[in-house]
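What follows is a set of notes on a single structure, which appears directly below.
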Amino acid sequence: MKTIINEGCKGFLFKKGKFMRMLDAGSFAAFGGTRICVANVNEDPVAVKYTDPSGTRSIDPRIFLKDPAFRAQTTEVVANDGELTLHFADGIFRDILPAGNYLFWTAGISHSFLRVSLSETQFPKDFPEYLFDHPKLLPYVCTVTVSQKQKALLFVGKKFVQMLDTGIYHFVRGFVPVEAKLVATCLLHEDIVGQEILTADKVSLRINCTCTYRITDYVKAITETDDYAAQLHTAFQLALREFVEEKRLDDLLACKGELSAHLLETLRKKGETLYLDIEEAAVKDIILPGEIRDIMNTVLVAEKRAQANVITRREEVASTRSLLNTARLMEENATLYRLKEMEYIERICEHVGNITLNGTSDLLSQLTSALCGKKKKD
């Protein structure tokens with residue numbers, strides 16, 4: 001039986017089931033209990049298959065290592081359990097090798113391997129950056145992104161290890177759990193909205209508040225407190241209820257500033273235990289029930305009307321008093337009376353078209369007599 005081995009392939013000669021040697025490209029005759037298996041050199045890793053009447057089966061290529069020619073043209077690598085074995089061909093990433101023994105053809109190709117222990121949390125220093133985002137590596141990479149307004153607390157095996165500054169960090173996601181908790185370094189803001197509280201006179205109010213704070217100790221705020229933001233929120237609610245429930249509605253509306261001062265003082269004391277610096281705490285809105293709001297609006301309208309009536313009466317009294325004083329002055333001073341008379345004559349003349357005067361008396365007396373007489377006639 002004649003077997004042709006093409007370029008780019010290798011043959012493996014077996015005699016009575018025993019491997020004899022590796023064959024290069026060419027034509028070979030198999031007889032006397034011999035057979036030749038062919039393998040493609042371009043396949044990665046080495047794979048040799050034999051076909052007989054019973055079917056096709058694979059042959060373990062390690063049996064060929066006793067041939068010096070085969071050893072010279074292949075490279076062997078062992079991928080261990082508990083580590084990632086990354087295979088590179090001519091510097092290009094090919095694959096992650098599962099645990100096992102592998103042989104690769106070295107015909108014109110340079111093979112290299114990079115091992116990453118799954119028991120460690122740090123990647124090797126020579127690990128290629130571009131592989132952190134490779135789909136095959138994603139299940140094994142824990143990426144932590146820390147912005148300019150943040151710091152990150154790194155926990156390895158549930159134990160705090162170090163604080164991370166702004167940047168992007170990659171850790172091995174393996175047997176040791178790695179977790180990073182982000183904390184803000186900037187001024188934080190929190191709104192406490194829709195707090196329904198009963199006043200001392202049983203009026204239900206909804207109060208909206210605001211709070212700004214800053215973390216003073218990032219490590220202790222995370223490691224020694226359980227959700228500092230939630231505890232601050234609860235402390236805010238309790239301080240708000242403590243003040244409001246002791247006040248009547250009218251008193252509460254009159255001392256809104258005192259409520260803000262009480263909240264700030266109380267929360268600053270609580271913030272010290274949570275490693276927070278409370279910079280501001282204040283009431284934004286006090287929302288009354290619809291019925292109470294309507295009643296207060298009615299009271300406000302009544303008060304404004306009463307104030308308007310008082311002002312109107314005060315102005316009327318002042319006007320009457322002014323007229324009385326003017327009348328007294330004119331009664332006591334004939335010249336003033338005469339001037340006032342002339343003032344009114346001037347005003348009347350502005351609305352009269354023609355005036356005819358006859359007689360021997362002076363012009364002013366005739367004009368006065370004519371106008372007064374006309375007025376009486378009318």
Side-chain angles (χ1 to χ4, degrees), residues 120-123 129 132-133 138 141-174 176-197 205-246 252 255-287:
E120 302 292 334
T121 59
Q122 300 289 338
F123 283 92
E129 288 284 337
F132 288 128
D133 296 324
L138 285 180
V141 178
C142 175
T143 301
V144 178
T145 303
V146 185
S147 70
Q148 291 184 348
K149 296 181 179 180
Q150 293 177 323
K151 287 186 180 293
L153 277 66
L154 180 64
F155 292 83
V156 176
K158 303 298 181 180
K159 182 180 179 181
F160 172 71
V161 175
Q162 69 179 90
M163 183 177 293
L164 306 177
D165 293 323
T166 301
I168 300 176
Y169 303 85
H170 303 283
F171 302 96
V172 178
R173 182 181 280 124
V176 181
V178 177
E179 182 183 8
K181 295 185 178 181
L182 299 175
V183 291
T185 58
C186 59
L187 189 65
L188 298 174
H189 173 82
E190 183 169 354
D191 285 328
I192 294 86
V193 299
Q195 300 299 308
E196 295 192 3
I197 308 175
L205 304 176
R206 283 195 301 118
I207 302 179
N208 298 330
C209 303
T210 184
C211 176
T212 55
Y213 63 95
R214 193 186 303 273
I215 302 173
T216 57
D217 192 320
Y218 307 111
V219 177
K220 291 183 178 180
I222 295 297
T223 59
E224 297 185 11
T225 64
D226 182 16
D227 196 346
Y228 60 85
Q231 292 194 47
L232 178 63
H233 188 93
T234 301
F236 209 119
Q237 290 177 314
L238 295 177
L240 190 62
R241 293 181 183 277
E242 178 185 2
F243 188 91
V244 173
E245 290 177 350
E246 295 180 353
L252 181 63
C255 63
K256 185 177 177 181
E258 294 181 15
L259 174 55
S260 297
H262 170 76
L263 292 175
L264 181 59
E265 180 182 359
T266 304
L267 292 179
R268 278 181 172 171
K269 294 179 180 179
K270 181 63 177 178
E272 293 176 358
T273 64
L274 299 175
Y275 305 101
L276 306 176
D277 179 22
I278 311 299
E279 296 198 3
E280 182 183 9
V283 177
K284 292 172 60 179
D285 306 299
I286 297 179
I287 304 173

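By convention here, the first residue in the shown sequence is residue 1. Note that the structure is a prediction, hence the values are computed from the model and not measured.
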Heavy-atom check, side chain of Y275 versus side chain of V219, under 4.5 Å:
no
For the atom pair CG (D285) and CG (L205), what is the distance rounded to the nearest 0.5 Å?
12.0 Å
Evaluate the criterion side-chain contact (heavy atoms from CB on, under 4.5 Å) for residue pair T266 and L238; output intermediate values, then yes/no.
CA-CA 10 Å; T266 304; L238 295 177; over 6 Å; no
Inspect the surroundings of CD in Q148 and state if more than 12 heavy atoms from other residues, nucleotides or ligands are less than 6.0 Å away.
no
Are any side-chain N or O atoms of T121 and backbone N or O atoms of V172, one a donor and one an acceptor, separated by less than 3.5 Å?
no
Return the minimal non-hydrogen interatomic distance between E190 and A229, and the atom names on each side.
OE1-O, 4.0 Å
Sort out for me which residue in T185, L182, D165 forms a side chain to side chain contact (heavy atoms under 4.5 Å, CB included) with V146.
L182
Look up atom OG1 in T234 and atom CD in Q237, then write down how far apart they are to the nearest 0.5 Å.
5.5 Å
Between Y218 and L153, which heavy-atom pair has the shortest distance, and what is it?
O-CD2, 3.7 Å
Any donor-acceptor pair under 3.5 Å linking the side chain of R173 with the backbone of V141?
yes
Are the side chains of V144 and V178 in contact, using a 4.5 Å heavy-atom criterion?
no
Ignoring hydrogens and geometry, is there a side-chain-to-backbone donor-acceptor pair from T212 to H189 under 3.5 Å?
no
Measuring from K159:NZ to E179:CD, what's the distance to the nearest 0.5 Å?
16.0 Å
Side chains of L276 and L267: does their closest heavy-atom pair fall under 4.5 Å?
no
Supply the atom-to-atom distance F243 CZ to H262 NE2, rounded to the nearest 0.5 angstrom.
7.0 Å
Over 12 non-hydrogen atoms of neighbours within 6.0 angstrom of NZ in K256:
yes
Where the side chain of Q231 meets the backbone of D226, is there a donor-acceptor pair that is under 3.5 Å apart?
yes
Which pair of non-hydrogen atoms, one from A282 and one from S260, has the smallest distance, and what is that distance?
CA-OG, 3.6 Å
Just how far is it from atom CG of D227 to atom NE2 of H233, taken to the nearest 0.5 Å?
11.0 Å
Closest heavy-atom contact between F155 and F160?
CD2-N, 3.4 Å
Output for pair (C209 SG, F236 CZ), nearest 0.5 Å, gives 4.5 Å
Taking the side chain as C-beta and beyond, is there a heavy-atom pair between F171 and L154 under 4.5 Å?
yes
Any side-chain heavy atom of L264 within less than 4.5 Å of one from R268?
yes
Report yes or no: does R214 contribute a side-chain atom to a donor-acceptor pair with the main-chain N or O of D277 at less than 3.5 Å?
no
Please report the closest heavy-atom contact between L274 and Y228, naming both atoms and the distance.
CD1-O, 3.9 Å
Flag side-chain contact, heavy atom, 4.5 Å: L263 against L240:
yes
Among T210, V193, I192, I207, whose side chain to side chain contact (heavy atoms under 4.5 Å, CB included) with K284 holds?
T210
Locate the shortest heavy-atom distance separating I168 from H170; write the atom from each residue and the value.
CG2-NE2, 3.8 Å
